[in-house]
Amino acid sequence: MKITACSFGCSSDARRGAIPGRCWLATLVAIAGLPLAAAAQQLPPPAEEGATGAWAVQLTPYVWASGIGGDLRAFSGAGVVSMDKSFSEVMKDLDAAFFLTGYARKDRLVLLGDISYSSSSRSGKLPLGLPASGSFRQASATLAAGYRAVSNADINLDLLAGLRAWSVKASVDVAGGLVQTSPEKRFVDPVIGLRAHIPLAPRWSAIAYGDVGGFGLGSRATHQVAATVNYQWSEQAFVSLGYRVLTLDYRRGGTRIDVTMAGPLLGATWRF
């Protein structure tokens, strides 16, 4: 079953079968962004991120209309609760969500951070017909540093490495409390990634980001793919439209959390 949700930083979902969770390296492809209004005057071409010798910092809060689909097992021997809901169904179950990303560059040194939080739930029946409910809450924080390996008029490419810290809680209630558990797992995954900034036109650019991690050190695997096309609203402000996918495959001590969160995003960036 699949979950979807949306609000400012909410979570909604694409069906889990559409994204292979174990067999691919995350890649990031630009999607589309559109202006929210026409500018009153002609803007110069977007300044390249991070002027030489000075720090350029940007923050982007965004709405992620993502869904969540996957399988949850709270402990060894417990039944597996599958998540797969439509957008309208997830809207009813959404508890809270928040999403914020940041980026900074000075010369060839780059820093990247992302905070992601969402909480959703669903109910259904186990194979034996017993009523069951499950909920999934994820909070993750990614921090990476890297090096601008390519910088020219066509593309700017960053190589990144860092950590993604997780706090994941999967709750299961079977037969009205006959079996009830809410284990919480906290762990840290190493991640490696790529980020590409592609100028398109005087006011337009694309950003593509992908990472892969886990490697059995925290989770079995985690992947992230995000892509936006960005419109320069003013010299310091941009609006973006894109798509993001975040997956997690965690299996330890009988606990299984195998989920995919995916959906379109809309963000606003301020550059300092």
Side-chain angles (χ1 to χ4, degrees), residues 7-11 26-31 33 36 46-66 96-118 138-149 151 155-167 188-199 205-213 222-246 261 263-272:
S7 75
F8 188 88
C10 61
S11 79
T27 56
L28 195 55
V29 195
I31 302 185
L36 298 184
E48 210 274 297
E49 301 167 322
T52 301
W55 280 101
V57 180
Q58 57 192 52
L59 293 175
T60 307
Y62 58 97
V63 177
W64 187 22
S66 116
F98 174 76
F99 305 102
L100 176 70
T101 189
Y103 178 83
R105 186 174 86 85
K106 180 179 180 181
D107 296 328
R108 290 187 177 268
L109 173 65
V110 296
L111 301 174
L112 181 144
D114 182 81
I115 297 173
S116 177
Y117 174 86
S118 62
Q138 73 84 21
S140 63
T142 302
L143 180 62
Y147 177 79
R148 175 146 292 185
S151 182
I155 187 172
N156 301 297
L157 183 65
D158 301 333
L159 307 180
L160 295 150
L163 300 171
R164 180 174 298 138
W166 292 90
S167 174
V188 177
D189 285 327
V191 296
I192 55 175
L194 295 173
R195 180 184 184 273
H197 170 260
I198 306 167
S205 64
I207 292 177
Y209 174 82
D211 68 37
V212 59
T222 179
H223 311 96
Q224 181 173 199
V225 176
T228 63
V229 170
N230 319 293
Y231 176 78
Q232 187 177 7
W233 178 275
S234 70
E235 290 193 27
Q236 285 78 39
F238 297 75
V239 291
S240 305
L241 181 67
Y243 199 85
R244 183 189 184 203
V245 178
L246 178 62
M261 293 163 279
L265 63 86
L266 176 66
T269 296
W270 286 268
R271 182 180 292 175
F272 305 94

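Computed from a prediction, not measured in an experiment: that's the story for all the values here.
Listed by chain and number, the residues in a side chain to side chain contact (heavy atoms under 4.5 Å, CB included) with A149 are Y147, L159 (sequence neighbours excluded). Among residues two or more places apart in sequence or in another chain, the side chain to side chain donor-acceptor pair (under 3.5 Å) test is passed with T60 by T269. Residues satisfying the side chain to side chain contact (heavy atoms under 4.5 Å, CB included) test with L59, not counting sequence neighbours, are F272. With sequence neighbours excluded, the residues forming a salt bridge (Lys or Arg N to Asp or Glu O under 4.0 Å) with D114 are R244, listed by chain and number. Considering only residues two or more places apart in sequence or on other chains, L112 meets the side chain to side chain contact (heavy atoms under 4.5 Å, CB included) condition with Y103, L160, R195, Y209.
Residues W166 and T222 have side chains in contact (heavy-atom distance under 4.5 Å, counting atoms from C-beta outward). Counting only heavy atoms from C-beta outward, the side chains of I192 and V212 approach each other to under 4.5 Å. Between T228 and F238 there is no side-chain heavy-atom pair separated by less than 4.5 Å. Counting only heavy atoms from C-beta outward, the side chains of I198 and I155 approach each other to under 4.5 Å. Side-chain contact check for W64 versus S116: some heavy-atom pair is nearer than 4.5 Å.
In this structure, S151 contributes its side chain and L157 its backbone to no donor-acceptor pair below 3.5 Å. With hydrogens and angles disregarded, a donor-acceptor distance shorter than 3.5 Å links the side chain of N230 to the backbone of S205.
The line from CG of D211 to CZ of R164 is 4.0 Å long, rounded to the nearest 0.5 Å. For the atom pair Q58 CD and R271 CZ, the distance stands at 5.5 Å (nearest 0.5 Å). Once rounded to the nearest 0.5 Å, the distance linking CZ of F99 with CD1 of I115 reads 11.5 Å. Here OH of Y117 is found 9.0 Å from OG of S167. Values are rounded to the nearest 0.5 Å. With values rounded to the nearest 0.5 angstrom, L265 atom CG is found 7.0 Å from L241 atom CG.
Residues P61 and L100 share a closest heavy-atom pair of N-CD1, 3.6 Å. Between W55 and L111, the shortest heavy-atom distance links the atoms CH2-CD1, 4.0 Å.
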Q224/V191 under side-chain contact (heavy atoms from CB on, under 4.5 Å): CA gap, chis, key distance, verdict: CA-CA 10 Å; Q224 181 173 199; V191 296; over 6 Å; no
